[in-house]
Amino acid sequence: MLAAQRQELILEQVRRTGGVRVADLVESLAVSDMTVRRDLDVLEHRGSLRKVHGGAVAPEGARTEEPGFEAKSTRQEDEKHAIARAVADLVEPHSAVGLSAGTTTALVAEYLAATPGLTVVTNSLHVAEVFHRTARPDQTVALTGGFRTPSDALVGPLALASIRGLNLDTLVLGVHGMQERAGFTTPNLMESETNRALVDAAATLVVAADHSKWGTVGISTIAPLDRCDVLVTDSGLPDAARAVLTEQVDRLVVTDARPREERG
C-alpha cells in the first residue's frame, strides 16, 4: 500500500471516530510502528490531525477553522487541476455561470478563461482576477460586493443583494467538506449564506471537491448531497464514499490525477 493510501485511510478513521491509536493502526494497516508515526507526522504537518500520546485526534476547531486561500492552494494540487479541467468541460459557451470562492474554483476559472461568450458571476477575488487578466471582449464578469473572508470570498448583505434575482445556467461550487448527513459544508456562516443564494440562483449545481473533503464537516450546511446535479472529485475518494455519493447525487464524475503512464 502506498503512503498516500495509508494516510487517507488514517484520515478517514479520524473523521469517522474523532481519533486513532498507533497500536490499532499498526495492526489494521499491517505496517510498523515507525511507519504509522511517520504518516501521523505528515498528516499533522498538513493540519489534517493533531498528534496526542499514543495516537492522533481531529484538529481543534475543525468545524469553524477557515484556512486562508494560499494555505489551501498547496493541498491536493494535482487532484484539483484534474477536477478543474473536468468541470470546465461541463460549462457551455455563451452561458451564465456562477463560480463560488475557493482554490479549486479558481483553477476552474483558469480553464474557462478561453471559453467564448461566458457571463460569469462570482464572489471570489481570485476568480475575478483570472478573467480580468485574460480580458476576452466577449466575456462579462460580475464581482459581487461584500466583506472579505480568510478564503478571499466576498460575503454579507452586499453579496446577497448582488446575487438575488439572478438566473444562472450553472453554478460551480467549491466546498470545505462533504458528508452524508451534513451535506456540503463551510466553516464560515456568512459564506454559507452567500453560497446558498448562489445555489438557489442556478439551474444546475456542479460541486468541485477533491477526496480530502469527504468526512470533513464545517459548521454550516450549504446544500444537501441530493441537491447536487454533478459532483466532480478524484480517484482518491474511498469506496464507501463513492457508494454514498453515487446514490445521493445525480451524477458522480471521478477524475484521475496520476500521470498517464501510471494509470492502469
Side-chain angles (χ1 to χ4, degrees), residues 76-144 152-154 159-160 162-175 178 183-184 186 191 194-211 213 222-235 237 242 245-246 248-257:
Q76 283 78 44
E77 290 181 86
D78 292 339
E79 291 88 343
K80 289 177 180 178
H81 273 280
I83 290 167
R85 285 192 295 268
V87 169
D89 288 341
L90 299 173
V91 176
E92 296 289 338
H94 305 283
S95 64
V97 58
L99 290 167
S100 75
T103 53
T104 307
T105 51
L107 288 174
V108 173
E110 298 276 0
Y111 289 105
L112 287 176
T115 303
L118 291 181
T119 296
V120 178
V121 177
T122 185
N123 68 324
S124 166
L125 296 168
H126 290 276
V127 168
E129 176 60 25
V130 169
F131 287 102
H132 176 72
R133 289 199 307 266
T134 55
R136 281 184 66 105
D138 61 346
Q139 291 180 339
T140 300
V141 180
L143 176 65
T144 71
D152 291 338
L154 298 178
L160 291 173
S162 301
I163 296 164
R164 286 173 178 158
L166 296 178
N167 297 294
L168 303 171
D169 295 305
T170 304
L171 171 66
V172 179
L173 178 69
V175 298
M178 53 183 176
F184 301 107
T186 174
E191 187 166 3
T194 304
N195 283 342
R196 282 196 293 269
L198 285 166
V199 170
D200 289 343
T204 299
L205 173 59
V206 178
V207 176
D210 69 74
H211 70 275
K213 305 298 178 68
I222 302 165
L225 297 182
D226 61 9
R227 171 61 181 86
C228 178
D229 297 294
V230 185
L231 172 62
V232 184
T233 185
D234 66 89
S235 57
L237 191 71
R242 293 194 195 195
L245 292 168
T246 298
Q248 292 287 325
V249 305
D250 283 353
R251 179 184 174 195
L252 179 65
V253 177
V254 179
T255 63
D256 193 339

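Note that this is a predicted model, so its numbers are computed, not measured.
Counting all heavy atoms, side chain and backbone alike, Gln139 lies closest to Ala113 at NE2-O, 3.2 Å. Summarising the geometry of Ala209 relative to Thr233, their closest heavy-atom pair is O-OG1, 2.8 Å, with the distance given to 0.1 Å. Minimum interatomic distance between Val175 and Phe184 (heavy atoms only, all atoms of both residues): CG1-CB, 3.8 Å. Scanning both residues, Ile222 and Arg196, for their nearest heavy atoms gives O-CG, 3.1 Å. Here the closest heavy-atom approach between residue Leu112 and residue Leu118 is recorded as O-CD1, 3.9 Å.
For the atom pair His126 NE2 and Thr105 OG1, the distance stands at 9.5 Å (nearest 0.5 Å). The structure places CG of Asn195 at 11.0 Å from CG of Asp200, a figure rounded to the nearest 0.5 Å. Taking OG1 of Thr103 as the reference point, atom CG of Asp152 lies at 11.0 Å (rounded to 0.5 Å). Taking CG of Asp226 as the start and CG of Leu245 as the end, the distance is 11.5 Å to the nearest 0.5 Å. Here the CD atom belonging to Glu79 is positioned 5.0 Å from the CG atom belonging to Asp234, to the nearest 0.5 angstrom.
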Exercise answer: donor-acceptor pairs, residues 88-101 side-chain atoms, under 3.5 Å, sequence neighbours excluded:
residue: Ser95; atom: OG; partner: Glu92; partner atom: O; Å: 2.5
residue: Ser100; atom: OG; partner: Gly174; partner atom: N; Å: 2.9

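Screening residues 104-121 for salt bridge (Lys or Arg N to Asp or Glu O under 4.0 Å), with sequence neighbours left out, gives Glu110-Arg133. Applying the salt bridge (Lys or Arg N to Asp or Glu O under 4.0 Å) test to pairs two or more places apart or on separate chains, none has a residue in residues 96-109. Residue pairs that meet the salt bridge (Lys or Arg N to Asp or Glu O under 4.0 Å) test with at least one member in residues 114-129, sequence neighbours left out, do not exist here.
Residues Gln248 and Leu231 fail the side-chain proximity criterion, which asks for heavy atoms closer than 4.5 Å.
With sequence neighbours left out, Thr104 forms a side chain to side chain contact (heavy atoms under 4.5 Å, CB included) with Lys80, Ile83, Ala208. Looking at residues two or more places apart in sequence or on another chain, you find no salt bridge (charged side-chain N to carboxylate O under 4.0 Å, His left out) involving Arg251. Under the rule for a side chain to side chain contact (heavy atoms under 4.5 Å, CB included), the partners of Ser162 that lie at least two apart in sequence or sit in another chain are Thr144. Remark: Arg136 engages Asp138 in a side chain to side chain donor-acceptor pair (under 3.5 Å) (not counting sequence neighbours). The side chain to side chain contact (heavy atoms under 4.5 Å, CB included) check on Leu171 picks up Leu173, Leu198, Val199, Ala202, Leu205, with sequence neighbours excluded. With sequence neighbours left out, the salt bridge (charged side-chain N to carboxylate O under 4.0 Å, His left out) criterion links Asp169 to no other residue.
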